[in-house]
Amino acid sequence: MTQGSAHPPKARLVLRVGITGHRPNKLGEPGTATYKAVERAVRDALLAIKTSLHGIAGTVALKEVYADAEPLLRIISALAEGADRIAAKEAVAPYSELQVILPFASDEYERDFKTDASKDEFRALMERAKAVMTLDGTRAAENRSYRAAGRMMLRQSDVVIAVWDGEPAESDAGTGAIAAAALSARIPVLWINSSLPDLGARRLTHIKDPVRDPAPKAEDLPAKDLEVLLARLLFPPQVAGHDSGQGKAGREWHAYLKQTWPRWPLLGWAYGLWASLWAWTWLGLGISLPTRAEREDVPWPGPADGLRDEAALRSLEVAKKKNKHLYDYIKTQYLWADQLANYCARQFRGAYVLAFCLAPWAIVAAVLHLSKAKLVIVAVIVAVVVAAAWHRLHARWLACRGLAEQLRQLRILAPLGRAPAQDTGPDSERSWADWHFRAVVREVGLVSANLDEGLRKALAEHVVQKLVKDQINYHEVTKERARRIAHMLHWFHYLLFGITFLVVVLQVTYSLCVFGIDGSGWAIVFSAFGGASIGLANQGEFERIAHSSKAMEAQLRDTLRDFQDLPDVPSVTELGDRAERTAALMLKDVLGWRALFLTRPLEPPA
């Protein structure tokens, strides 16, 4: 994981392969002909995936946007006897690794294994595993526990290998049910028919009803088609034909990965000063941003203030220490995206404030017949608008902010084995920011943690609810600031309209002339300032932002109450589902904000 570089860190090229399949009761015992045939089929499928992965890793496009490291094949397994272990044994360092999801605590899980040799094999694979996440399953709810482990495997997988006989599943935790859930989630499934393992892996395309009548359908998957499938998952958007991505999206992610840490948004002072005046609150000039060291000094997760449960504190500290490299990596990715979003936002806002505030002064210069002054003002406006367009401040601001918010949500979801929901199907439309985020998610992988009662309580109170409270405070401040600015601009416009009307009346009645400017000239001047105020209000969308933040604040308060209504120690599923819904709510807000401002690029004031 690249950290400490002069540019935003590139993610390592990682492909996650989940395994689900039968145990020896349906495969036969190790050493039997059927079992050996299944072993060969699984080994061949993983070798084909690894070969395709290394093949596409050598293309110019991927070398430019992924970290300078060998591609990594990560196998996600529950280490049950049978198919799970067959795949797990193929995870050999340095270019493959094993991550494990346990439905129960390991000592309880070992009761599934009848022989000492099987238990020794399980322990050896556990030692080799790069990460182990232990869920909160119980024997009293055994089926639900196995299902939870299977669903967690799907969340951590880009491709799934299913070793399945095609027969109805015994429960919704069975192999057929997990394979069907993978198809529903648009995760490619390579099916090895355990009744006919010599056919090898084929791409599963349909399961009618995994419990009653599976009627599975599959198609052959030649090496070329497998490479195309993986390319759709791993390549940046709009890189047709495996080229170097010189289209619009290609330029954007090239530009992002070559950025240096921004400190001085030199146009930021214009927006800072203007917004401070109109919001009746000093917001600062905004001509400097924090240094990288200043931002990195803020710990995450921070001190667990207010967490009184000692067991919860201990569990949280153990998890933080064990996963420090992952948390630091997510934090680094977030800080880069957030800093660049803040920089582009200040530059863009400063540019439109300068443009709209200078425009009426060009009218004043024209009315006063100050040709040179008018020319200078117009030239400055054009230079500001062209510079904003040339540096793509608007597009970069929206993209970096979207990326930063997804990474912010990952900070609460990763400890629970989750990630922000997103359509990752091969036909989905993706931006470069979405692609980069998914690459980061793949590299982060599974957090190593025992999700016992203490850790679940700590995550609920200290991580998830803390972010919700922070977002409530943010929207509360944003709502009030935007409301004040919108209110002031509204009344300022009406004031200028009234003055313009009065000037016109005086001109008609008394032939008004002040400072050598007749009433018509003054009417034009006041109308120009009124038009500028309307332009600023439309560009900033302050009224809509105030309403949106008010609505979001209310929804987040409801979400916080929902969290507080949970049991004192929620289950992994309850906590994870609530955290996902919270992240989805915040993502919906970001997407709404993005859709609003996509229609507001900076254009020259009319």
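Just so it is clear, the structure is predicted and the values come from calculations on it, not from any experiment.
Remark: the backbone N or O of Leu289 is paired with a side-chain donor or acceptor of Arg263 at under 3.5 angstrom. At distances below 3.5 Å, not a single donor-acceptor pair connects side-chain atoms of Glu553 with backbone N or O atoms of His475. Judged purely by atom type and a 3.5 angstrom limit, Lys331 uses its side chain to pair as donor or acceptor with the backbone of Val298. Although no hydrogens or angles enter the test, the distance criterion places no donor-acceptor pair under 3.5 Å between the side chain of Arg85 and the main chain of Ser77. For the pair Arg456 (side chain) and Leu451 (backbone), a donor-acceptor distance under 3.5 Å is present. In terms of modelled atom types and a separation under 3.5 Å, the side chain of Asp136 and the main chain of Ser571 share no donor-acceptor contact. Without hydrogens or angle criteria, Trp164 side chain to Trp191 main chain gives no donor-acceptor distance under 3.5 Å. For Lys208 (side chain) and Lys217 (main-chain N/O), no donor-acceptor pair under 3.5 Å exists by modelled atom type.
Salt bridge status for Arg578 with Glu574: absent, with no side-chain N to carboxylate O gap under 4.0 Å. Between Glu317 and Lys320 there is a salt bridge, since at least one side-chain N of the basic residue sits less than 4.0 Å from a carboxylate O of the acidic one.
Between Trp397 and His394, the angle of the ring planes goes over 60°, which puts this pair in the perpendicular group of the 30/60° scheme. Note: Tyr146 and Phe104 have perpendicular aromatic rings, judged against thresholds of 30 and 60 degrees for the angle between ring planes. Ring geometry for Trp336 versus Trp261: interplanar angle over 60°, hence perpendicular rather than tilted (30 to 60°).
Asp158 pairs by the side-chain contact (heavy atoms from CB on, under 4.5 Å) definition with Leu15, Arg16, Leu233, Arg442, not counting sequence neighbours. Scored by the salt bridge (Lys or Arg N to Asp or Glu O under 4.0 Å) test, Asp220 finds Arg202 as partners (sequence neighbours excluded). Legend: residues meeting side-chain hydrogen bond (donor to acceptor under 3.5 Å, both in side chains) with Asn323, ordered by chain and number and at least two apart, are absent. Listed by chain and number, the residues in a side-chain hydrogen bond (donor to acceptor under 3.5 Å, both in side chains) with Arg144 amount to none (sequence neighbours excluded). Scanning for side-chain contact (heavy atoms from CB on, under 4.5 Å) contacts around Ala87 gives Ile19, Val42, Leu46, Ile75, with sequence neighbours left out. In terms of the side-chain hydrogen bond (donor to acceptor under 3.5 Å, both in side chains) criterion, residue partners of Glu405 (sequence neighbours excluded) are, by chain and number, Arg401, Arg408.
With Pro8 as the partner, the side chain to side chain contact (heavy atoms under 4.5 Å, CB included) test is satisfied by one option alone out of Gln333, His436, Gln259: Gln259. Only one option out of Ile49, Val189, Ile86, Thr20 pairs with Ile161 in a side chain to side chain contact (heavy atoms under 4.5 Å, CB included); it is Ile49.
Atom CZ in Phe563 sits 6.5 Å away from atom CG in Leu566 (nearest 0.5 Å). For the atom pair Arg411 CZ and Leu326 CG, the distance stands at 13.5 Å (nearest 0.5 Å). Atom CD1 of Ile412 is separated from atom NE2 of His462 by 13.0 Å, given to the nearest 0.5 angstrom. Rounding to the nearest 0.5 Å gives a distance of 10.5 Å between CD of Glu227 and CG of Leu234. For the atom pair CD (Gln99) and CD1 (Ile76), the distance works out to 4.5 Å, reported to the nearest 0.5 Å. Separating the CD atom in Gln339 from the CZ atom in Arg295 is a distance of 5.5 Å, to the nearest 0.5 Å.
Side-chain contact of Asp562 with Thr559: a donor-acceptor pair under 3.5 Å is absent, judged by distance alone.
Between Tyr343 and Cys400 the shortest side-chain heavy-atom distance does not fall below 4.5 Å. Between Leu62 and Phe235, the closest side-chain pair of non-hydrogen atoms falls below 4.5 Å. Val100 has its side chain within reach of Met126: a pair of non-hydrogen atoms, C-beta onward, lies under 4.5 Å apart. Contact annotation: the side chain of Leu154 approaches that of Ile178 to within less than 4.5 Å [non-hydrogen atoms, C-beta and beyond]. Within the 4.5 Å cutoff, the side chain of Tyr66 has no heavy atoms near those of the Val14 side chain. Residues Leu53 and Leu13 form a side-chain contact, since some pair of their non-hydrogen atoms from C-beta on lies under 4.5 Å apart. A heavy-atom distance below 4.5 Å is found between the side chains of Val444 and Val440. With contacts defined as side-chain heavy-atom distances shorter than 4.5 Å, the pair Lys10/Val65 does not qualify.
Here the closest heavy-atom approach between residue Ala319 and residue Tyr327 is recorded as O-CE1, 4.1 Å. Pairing each heavy atom of Ser96 with each of Ala91, the nearest pair is CB-CA, 3.9 Å. In plain terms, the two heavy atoms of Leu98 and Ala88 that are nearest each other are CD1-CB, 3.8 Å. Of all heavy-atom pairs between Asp328 and Lys324, the closest is OD2-NZ, 2.6 Å. Here the closest heavy-atom approach between residue Gln406 and residue Leu587 is recorded as CG-CD1, 4.1 Å.
In the displayed structure, Lys130 atom NZ is contacted under 6.0 Å by at most 12 heavy atoms of other residues, nucleotides or ligands. Environment of CZ in Arg544: sparse, with no more than 12 heavy atoms of neighbouring residues, nucleotides or ligands closer than 6.0 Å.
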Determine whether Arg581 and Asp577 satisfy the following criterion, salt bridge (charged side-chain N to carboxylate O under 4.0 Å, His left out), listing intermediate values before the conclusion.
CA-CA 6 Å; Arg581 287 198 292 270; Asp577 289 348; 5.1 Å; no
